[in-house]
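So the structure is just underneath, and the comments pick up after that.
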Amino acid sequence: MKKPKRYLITSALPYANGPLHLGHIAGAYLPADIYVRYLKLKDKDVAFICGSDEHGVPITLRARKEGVSPQVIVDKYHKMIKTAFSEFGIDFDIYHRTSSKLHHETASDFFKTMYEKGEFIEKEEEQYYDEKEKQFLADRYITGTCPKCGYEEAYGDQCEKCGTSLSPKELKNPTSRLSGNSPILKKTKHWYLPLDKYQQEWLEEWIDSHKSNWKSNVYGQCKSWLNGGLQPRAVTRDLDWGVPVPVEGYEGKVLYVWFDAPIGYISATKAWAKENNKNWKDYWQSEDSQLIHFIGKDNIVFHCLIFPAMLKAHGNYILPDNVPANEFLNLEGDKLSTSRNWAVWIHEYLHDFPGKQDVLRYTICANLPEQKDNDFTWKDFQNRNNNELVAILGNFINRTIVLTHKHYGGEVPERGTLTDFDKKTLAEMTVIKKNLEKSIESFRFREAVKIAMDLARLGNKYLADTEPWKVIKTDEERVKTIMNISIQISAALSIIIEPFLPFTADKLRKFLNIEKLNWDLAGSDSIIEAGHTINKANLLFDKIEDEAIEKQIQKLMDSKKANQAEQQQAEPAKENITFDDFVKMDIRVGTILEAERVPKTDKLIKLKIDTGIDQRTVVSGIAVDHKPEDIIGKQVSILVNLEPRKIRGIVSQGMILMAEDASGKLVFAVPEVKTSNGASIK
RNA sequence: GGCGAGGUAGCUCAGCUGGUUAGAGCGCAUGAUUCAUAAUCAUGAGGCCGGCGGUUCAAGUCCGCCUCUCGCUACCA
């Protein structure tokens, strides 16, 4: 493949609804930053683009809950996220935002072009409308009684109590969360992106063409979606927070956030180009540019299927050359979770470990979930620091600088005749540089960072084998050569660690008293000339003691405890009902006569129950905790006058009463001693 | 249940289109060494490459079945 003239690198836009954590960094930001720093060291023309995704319903809901405008929410998190990135050394060329005017214009124009080309399908449907607030209601803006479990606070898209996904029209007694009134059904028009059509026309073929150069997890995910058959996807929705739909007569509609967010890459590029006297079209609309999206696996469908479909439908745009999505990073064996506070927050890390950005960058990089989910532990963080950064890299630099000062007052000595071992070592440097390039260019960053450390290992080995501290007593000339070469290795290190450890590289350059050097110099055997004076060194890395690590682990244990406490807290009682309401329920004692798993389901068991009144079939979602053969003959409590319901094609007549704890474990609610079938429970 | 990704040394992972005694880092053991933050260097121990069957002269690598983990999805009143 021909070399691209310029690179357009994007990292997933973080949602401006919470702070950044470890998982974000590992997924989309650190790999991108490493890649970009590498390209820039090679003097490539690169635009590294990111920004906050500031639209969408969760932000409006949070705003409403906190009694402020959505803008206040996004301003807060945008600033927080931007600061965290910048302090952590994730060096975007621009960190833009989708609430900006430029973005609104860009997204609006993008839609308009597609609209005028007739790319969209129009559909008119009935949707709930709040007459008082004069607006259509997004799914999350409607609550009502869940048709399945009777929970009264179910949302329009999902019942939080029973987990069922719903559509607003299924809710009983729908209520607007805006005004508290009952909404009415009103016709509304929306535009859809015909992904099914694109799939047939070119999308599937295009994905297939990337089978060999995309990562298997990425390609596999795409195929999974394509096999399921893509469906037209609504581009617009009725909401007041977002980019307004630029069609006359359709005020009060905005672009769906999935549509407007990726356009954020384009608007951010425009903003950057303007500030830097560049032409944004060179990056987005020129075939000799290469577009790469760095994302986490949750974003694969948007960046590999939907956004390319948008770009192609719009016309003129290039499509991504690669989408190196990472899997997920876990923390101490558990999934990262914002709501459960199971995370390492970047702003907290920066506070707890000042000046140690590179230690975390290194640990994350060495553990990047490139092929599969991976685990971050604080113990590993400490080990990586103490046994690798301190012992191998920091130590080599320190040895070299101390020796140079001890014998030569900090002046780089002349090199004499090279021995075979010298030559071999210098040749090895070149090999390391080449391997490193190969790894980075194929997005294998954990391998890359290991190779970079190999250069420091090479340095330590060189010193151990040449023993300058011994040779100085017998052959002073020889030691000059040894130290000269050690200095060259140190200088090469200052270059090749820059993508991974930019803060350390900077420190090292100060020790060596040099400027930032071009990548290709790393393969040279004389980066620093003899006679150059280096500075005195302090330490590149400090040891991290057990206490610091224990403190972090304790922090996590505390949030685990807090979560458990929250889980154990019983839910508040439901609204009072009358005795009449209660007696409407006919609960009986019954005996399980037969039990068998419902095929092709995980949870369902089909039961035959003797209720005393009759024998009937009940389907129950208990297979996770109970085996069919264990429960035959068991007495249970059964609600017998529940409306029959078809589940997986089987008519279920009634409901077995179960006690469910916070973890979801189910146990039977049964009579204390055996009693007769049909006995009434009241 | 369907789809996708994984299951390789104590731990974290490489092993590309099948080819000589299966690799790395950390950890562990032994030895060497002192310029260096008790850091470094060398050597070594440690693997029925999740299980079973098949294709092949040859399989960690290809095919089938099973099993476990993760994700998406269906199901749960």
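Chain identifiers are assigned alphabetically (A, B, ...) following the order of the sequence lines, protein sequences preceding nucleic acid strands; residue numbering begins at 1 within each chain. All values reported here derive from a predicted model rather than from experimental measurement.
Out of B/rG71, B/rC26, B/rU40, the shortest distance to the side chain of A/Lys335 is found at B/rG71. Taking the side chain of A/Lys372 as heavy atoms from C-beta on, and the options B/rG7, B/rC35, B/rC41, the nearest nucleotide is B/rG7. Of the candidates B/rG4, B/rU40, B/rG6, the closest approach to any side-chain atom of A/Gln221 belongs to B/rG4. Comparing B/rC26, B/rU37, B/rC41 by their nearest atom to the side chain of A/Asp465 picks out B/rC41. When the nucleotides B/rU33, B/rC26, B/rG71 are ranked by their closest atom to the side chain of A/Lys297, B/rG71 comes out on top. When each of B/rA77, B/rA39, B/rU12 is scored by its nearest atom to the side-chain atoms of A/Asn395, the top-ranked nucleotide is B/rA39. Of all nucleotides listed (B/rU12, B/rU37, B/rC41), B/rU37 comes nearest to the side chain of A/Leu539.
Following rounding to the nearest Å, A/Ile300 (CD1) and B/rC72 (P) show an atom-to-atom distance of 12 Å. As rounded to whole Å, 14 Å separates atom C1' of B/rC35 from atom OH of A/Tyr462. Note: CD1 (A/Ile295) to P (B/rG71) measures 18 Å, nearest angstrom. The distance between atom CG of A/Asp380 and atom C1' of B/rG27, rounded to the nearest whole Å, is 12 Å. As rounded to whole Å, 16 Å separates atom P of B/rC3 from atom CG of A/Leu226. Between the CD atom of A/Gln653 and the P atom of B/rA77 there is a distance of 14 Å, given to the nearest Å. Computed from coordinates, the A/Ile482 CD1 to B/rA36 P distance equals 16 Å when rounded to whole Å. Rounded to a whole Å, the CZ atom of A/Phe396 is 17 Å from the P atom of B/rC35.
Using a 4.0 Å heavy-atom criterion, one finds that A/Leu540 contacts the bases of the nucleic acid, with or without backbone contacts as well. Using a 4.0 Å heavy-atom criterion, one finds that A/Lys461 contacts the sugar-phosphate atoms exclusively. As judged by a 4.0 angstrom heavy-atom cut-off over every strand, A/Arg384 is placed among residues making no nucleic acid contact. A/Asn387 comes within 4.0 angstrom of sugar-phosphate atoms only, judged by non-hydrogen atoms across all strands, and of no base. Backbone-only contact: A/Val619 has heavy atoms under 4.0 Å from sugar-phosphate atoms and none from a base. Nucleic acid contact class of A/Glu467 (heavy atoms, under 4.0 Å, all strands): none. Residue A/Phe541 is classed as a base contact, given a heavy-atom separation below 4.0 Å to a base. Residue A/Asn374 is in sugar-phosphate contact alone, with no base atom involved, counting any heavy-atom pair closer than 4.0 Å across all strands shown. A/Lys470 comes within contact range of the sugar-phosphate backbone alone, with a heavy-atom separation under 4.0 Å but no base atom that close. No engagement by A/Thr400 is indicated, since no non-hydrogen atom pair under 4.0 Å with the nucleic acid exists. Within the nucleic acid shown, A/Val390 comes within 4.0 Å of at least one base atom, counting heavy atoms only. A/Gln371 comes within 4.0 angstrom of sugar-phosphate atoms only, judged by non-hydrogen atoms across all strands, and of no base. In this structure, A/Ser652 reaches neither bases nor backbone, as no heavy-atom distance under 4.0 Å exists between it and the strands shown.
If you take atom P in B/rG23 and the same atom in B/rC16, they sit 14 Å apart, rounded to whole Å. A gap of 50 Å separates the P atoms of B/rC3 and B/rU40, to the nearest Å. Comparing the same atom, P, in B/rG2 and in B/rC75 gives a spacing of 16 Å after rounding to whole Å. The C1' atoms of B/rU33 and B/rC70 are separated by 47 Å, rounded to the nearest whole Å. Straight-line distance between the P atoms of B/rG50 and B/rC13: roughly 15 Å, to the nearest whole Å. Rounded to a whole angstrom, the distance from the C1' atom of B/rC63 to that of B/rG10 is 34 Å. Taking the C1' atoms as reference points, B/rU30 lies 47 Å from B/rC65, given to the whole Å.
For the pair A/Asp373 and A/Lys297, the salt-bridge criterion is met [side-chain N within less than 4.0 Å of a carboxylate O]. Between A/Lys461 and A/Asp465, at least one side-chain nitrogen of the basic residue sits less than 4.0 Å from a carboxylate oxygen of the acidic one, meeting the salt-bridge criterion. Under the 4.0 Å criterion applied to side-chain N and carboxylate O atoms, A/Lys480 and A/Glu476 are not assigned as salt-bridge partners. Look at A/Asp422 and A/Arg478 and you find a salt bridge, because one of the NZ, NE, NH1 or NH2 atoms lies within 4.0 Å of a carboxylate O, short of that distance.
The residue among A/Asn398 and A/Ser224 whose nearest nucleotide of RNA chain B lies closer to the 5′ end is A/Ser224. Take the nearest nucleotide of RNA chain B for A/Leu403 and for A/Phe328: the residue whose nucleotide is more 5' is A/Leu403.
Ring centers of A/Phe381 and A/Phe353: under 6.0 Å apart, within the cut-off.
Shown here is A/Trp258, whose CH2 atom has more than 12 heavy atoms of other residues, nucleotides or ligands within 6.0 Å.
To the nearest 0.5 Å, the span separating CG on A/Asp586 from CG on A/Asn641 amounts to 5.0 Å.
Classification of the A/Tyr35-A/Phe443 ring pair by plane angle, with boundaries at 30° and 60°, yields tilted.
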